[in-house]
Protein chains: 2
Amino acid sequence: MPMDDTGTSDELNFCQACSIRNRAICADLDDTEIALLNRIGRRKHLTAGESLLWEGDEAVFVANVVTGMLKLSTTTGDGREQILGLSYPSDFLGRPYGETTPYDAQALTDATVCIFRRVDFERFAHEHPRLERKLLERTLGELDRSRRWMLLLGRMSAEERLATLLLEISERLAASTCGGDASPLDVFELPVSRQQIADILGLTIETVSRQFTRLREDEIIGMRGRREVEVLRRDLLEAIVG
Amino acid sequence: MPMDDTGTSDELNFCQACSIRNRAICADLDDTEIALLNRIGRRKHLTAGESLLWEGDEAVFVANVVTGMLKLSTTTGDGREQILGLSYPSDFLGRPYGETTPYDAQALTDATVCIFRRVDFERFAHEHPRLERKLLERTLGELDRSRRWMLLLGRMSAEERLATLLLEISERLAASTCGGDASPLDVFELPVSRQQIADILGLTIETVSRQFTRLREDEIIGMRGRREVEVLRRDLLEAIVG
DNA sequence: TTTCGCGTTTGACCTGAATCAAGGACCCGA
DNA sequence: TCGGGTCCTTGATTCAGGTCAAACGCGAAA
């Protein structure tokens with residue numbers, strides 16, 4: 001089976017060296033199982049802006065995010081986009097047990113994913129209940145996350161939305177760089193443009209820009225250039241979120 | 001084990017007579033399994049307005065909706081409510097494999113649910129992979145639904161929201177009265193008040209009322225009294241949703 | 001260094017839904 | 001049939017965020 005990944009010392013079993021090995025759905029599998037899973041999956045690199053899944057397409061692939069950040073989105077009949085959430089390393093993508101892919105998935109940054117043909121994955125899951133339970137737990141967690149996102153979309157002001165995003169990014173960026181559950185970063189590079197932030201939060205670019213300006217004026221955050229954020233008053237940022 | 005339900009001829013195995021037997025997660029179980037499941041669950045009746053789950057509580061129970069309609073909601077720190085979705089017969093409620101209940105669940109109409117202690121249910125699921133797979137499929141479906149709801153909350157106008165709700169109710173009410181996949185009802189009783197509709201759609205009662213008036217003026221719907229809706233132009237209603 | 005171009009910021013204005021404030025209609029019991 | 005309460009509708013006003021338009025600033029190419 002061909003593989004895109006060539007950066008690992010052992011191409012034939014990249015799973016064992018996988019950076020998300022202990023956090024993704026494959027976490028509970030033993031070495032034999034990992035080796036089997038390894039055989040049905042492959043690494044794929046995405047450059048920023050590249051799409052992995054298209055809403056409405058036949059659900060051919062499922063995947064795990066290994067590195068980078070993706071957005072999940074859907075579109076109304078008349079073309080308005082709605083971001084459904086963000087995917088970070090160890091998150092699962094795609095729609096097992098479904099005919100069609102329910103959302104678009106697009107890389108916001110350069111990213112690496114580990115993809116499986118859906119039918120292969122389902123057969124493997126069927127034969128390995130531990131994986132299936134892991135997938136269930138992860139899906140339930142995903143449902144919780146998506147419901148928290150609803151609160152953001154349905155009830156939060158522009159200020160609350162941006163504060164929520166900055167906190168989330170600072171936490172999840174820490175988790176994906178330092179491995180385990182590190183403390184959130186106080187200085188970090190925004191992985192996305194203003195326009196992408198606007199899309200993520202369901203706002204316009206102008207509103208996002210104004211909110212950044214306010215947070216800067218209130219000295220809650222500092223910025224060096226357009227992308228580098230320093231959290232000066234995490235307490236106030238958390239107070240805004242409530 | 002005590003049971004609230006007394007309306008069934010065979011109290012000791014109400015599952016077999018259950019109206020959602022073929023649609024809920026228990027659908028794939030054989031008679032022996034059903035009998036076992038029956039022993040760990042019990043029926044509970046809810047009157048309109050009564051709560052079944054409270055956000056943040058220890059996750060003690062999970063449940064299946066048998067009859068009626070419930071709303072799932074969450075609340076911001078400062079008291080704003082956000083509806084996360086509606087639950088109809090055969091829908092699953094609660095948070096297996098989780099410590100705390102992630103949302104409030106409140107009956108909008110009189111309702112019957114089939115409840116299980118979470119630990120009992122998890123043990124049973126563990127021992128019966130078919131149930132576990134069913135739960136996974138249902139959870140994935142729930143995730144899809146919750147993401148569609150995001151589109152409503154994040155991007156739809158008041159008019160689009162109400163049209164979406166009217167179509168959904170007319171479809172799901174048909175499904176729950178006639179059993180299988182019946183065609184949507186053209187005349188139906190709204191199961192909820194204007195205020196509840198406003199909460200569901202993330203709008204105010206005044207906005208909802210104004211939108212009802214507009215739909216009536218445009219002769220897209222007719223109304224007899226406050227609760228009875230007649231869909232006059234389903235095509236236009238669907239066009240509004242897009 | 002200059003210039004170009006794009007991403008971003010800022011300003012002026014508009015709009016859809018929230019808010020505030022009356023009324024109106026229906027239900028139920030007396 | 002009459003109150004009286006609740007739910008619903010309607011109107012006037014406000015406001016957050018969207019829209020339109022213009023200027024800014026930073027990096028890359030010349």
Side-chain angles (χ1 to χ4, degrees), chain A residues 48-49 76 78-83 108-109 151-166 189-218 220-229 240-242, chain B residues 48-49 76 78-83 108-109 151-166 189-218 220-229 240-242:
Chain A
T76 53
D78 61 344
R80 284 167 290 175
E81 180 187 47
Q82 175 60 55
I83 300 276
L108 292 175
T109 64
L151 191 60
L152 180 139
L153 293 174
R155 285 282 179 259
M156 285 190 184
S157 67
E159 186 181 36
E160 292 169 314
R161 292 181 198 209
L162 183 56
T164 304
L165 184 69
L166 291 176
E189 189 93 351
L190 288 173
V192 290
S193 71
R194 292 287 184 281
Q195 182 58 60
Q196 285 170 328
I197 291 176
D199 290 340
I200 291 167
L201 298 178
L203 299 169
T204 58
I205 185 173
E206 294 93 331
T207 300
V208 169
S209 180
R210 282 185 248 273
Q211 294 304 327
F212 264 110
T213 304
R214 279 195 54 187
L215 290 177
R216 230 182 321 109
E217 281 170 357
D218 296 349
I220 295 173
I221 63 169
M223 301 210 63
R224 194 181 320 288
R226 290 162 171 173
R227 292 291 185 101
E228 192 180 318
V229 174
I240 289 170
V241 174
Chain B
T76 53
D78 60 342
R80 284 168 290 174
E81 180 187 45
Q82 175 60 55
I83 300 274
L108 291 175
T109 64
L151 192 59
L152 179 140
L153 293 174
R155 285 282 180 257
M156 285 190 182
S157 67
E159 185 182 36
E160 292 170 315
R161 294 181 197 209
L162 183 56
T164 303
L165 183 69
L166 291 175
E189 190 93 352
L190 288 173
V192 288
S193 70
R194 292 287 184 278
Q195 182 58 59
Q196 286 169 327
I197 292 175
D199 289 341
I200 290 168
L201 298 178
L203 299 169
T204 58
I205 185 173
E206 294 95 330
T207 301
V208 170
S209 181
R210 281 185 248 273
Q211 294 305 327
F212 265 110
T213 304
R214 278 194 55 187
L215 289 177
R216 230 183 319 109
E217 283 170 357
D218 296 349
I220 294 172
I221 63 169
M223 301 210 63
R224 196 180 319 288
R226 290 163 169 178
R227 293 291 185 104
E228 192 179 318
V229 174
I240 289 169
V241 174

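Chain letters run A, B, ... following the sequence lines, proteins first, then strands; residues in each count from 1.
Within 4.0 Å of A:Arg194, counting heavy atoms only, lie sugar-phosphate atoms of the nucleic acid but no base atom. At a threshold of 4.0 angstrom between heavy atoms, the contacts of B:Ser209 include nucleobase atoms, whether or not backbone atoms are also involved.
Look at CG on B:Leu201: it is 18 Å from P on C:dG16, rounded to the nearest Å. As a whole-Å value, the separation of A:Arg155 CZ from C:dA17 P is 14 Å. B:Leu162 places its CG atom 17 Å from the P atom of C:dG16, with the value rounded to the nearest Å. In this structure, the CG atom of A:Leu215 is 15 Å from the C1' atom of C:dT9, given to the nearest Å. Separating the CZ atom of B:Arg161 from the P atom of C:dG16 is a distance of 14 Å, rounded to the nearest angstrom. Atom-to-atom, CD1 of B:Ile205 to C1' of C:dG23 comes out at 14 Å; the value is rounded to the nearest Å. Summarising the geometry, the separation between CD on A:Glu206 and P on C:dT9 is reported as 11 Å, rounded to the nearest angstrom. For the pair B:Arg210 CZ and C:dA22 P, the computed distance is 15 Å after rounding to whole Å.
Applying the 4.0 Å criterion to OP1 and OP2 of C:dA17, one finds that B:Thr204 has every side-chain N and O outside that range.
The shortest side-chain heavy-atom distance between A:Leu153 and A:Gln82 falls under the 4.5 Å cut-off. At a threshold of 4.5 Å between non-hydrogen side-chain atoms, the residues A:Leu166 and A:Leu215 count as touching.
No hydrogens or angles were tested; on distance alone, nothing pairs the side chain of A:Arg227 with the base of C:dG7 as donor and acceptor under 3.5 Å.
For the pair A:Ile205 and A:Gln195, the tightest heavy-atom approach, listed with the atom from each and the gap, is CB-OE1, 3.7 Å. What you find for A:Gln196 and A:Leu108 is that their closest heavy atoms are NE2-CD2, 3.4 Å. In this structure, A:Met223 and A:Leu190 approach most closely via the heavy-atom pair CE-CD1, 4.5 Å. Among all heavy-atom pairs drawn from A:Val208 and A:Ile197, the shortest one is CG1-CG2, 3.7 Å.
Looking only at distances, no side-chain donor or acceptor of B:Arg226 sits under 3.5 Å from a matching main-chain atom of B:Arg194. For B:Arg161 (side chain) and B:Met156 (main-chain N/O), a donor-acceptor pair under 3.5 Å exists by modelled atom type. Judged by distance alone, with hydrogens and angles left aside, the side-chain atoms of A:Glu160 form a donor-acceptor pair with the main-chain N or O of A:Ser157 at under 3.5 Å.
Taking a heavy-atom distance under 4.0 Å as the criterion, the stretch of DNA chain D touched by chain A extends 5' to 3' from D:dG17 to D:dG25.
When each of C:dA18, C:dA25, C:dT8 is scored by its nearest atom to the side-chain atoms of B:Arg226, the top-ranked nucleotide is C:dA25.
Both A:Gly202 and A:Gly225 sit near DNA chain D, but only A:Gly202 has its closest nucleotide nearer the 5' end.
Each end of the helix from C:dT1-D:dA30 to C:dA30-D:dT1 gets its own axis, taken as the rotation carrying the C1' atoms of four end pairs onto the next four within a five-pair window, and the two axes meet at 30° to the nearest 10 degrees.
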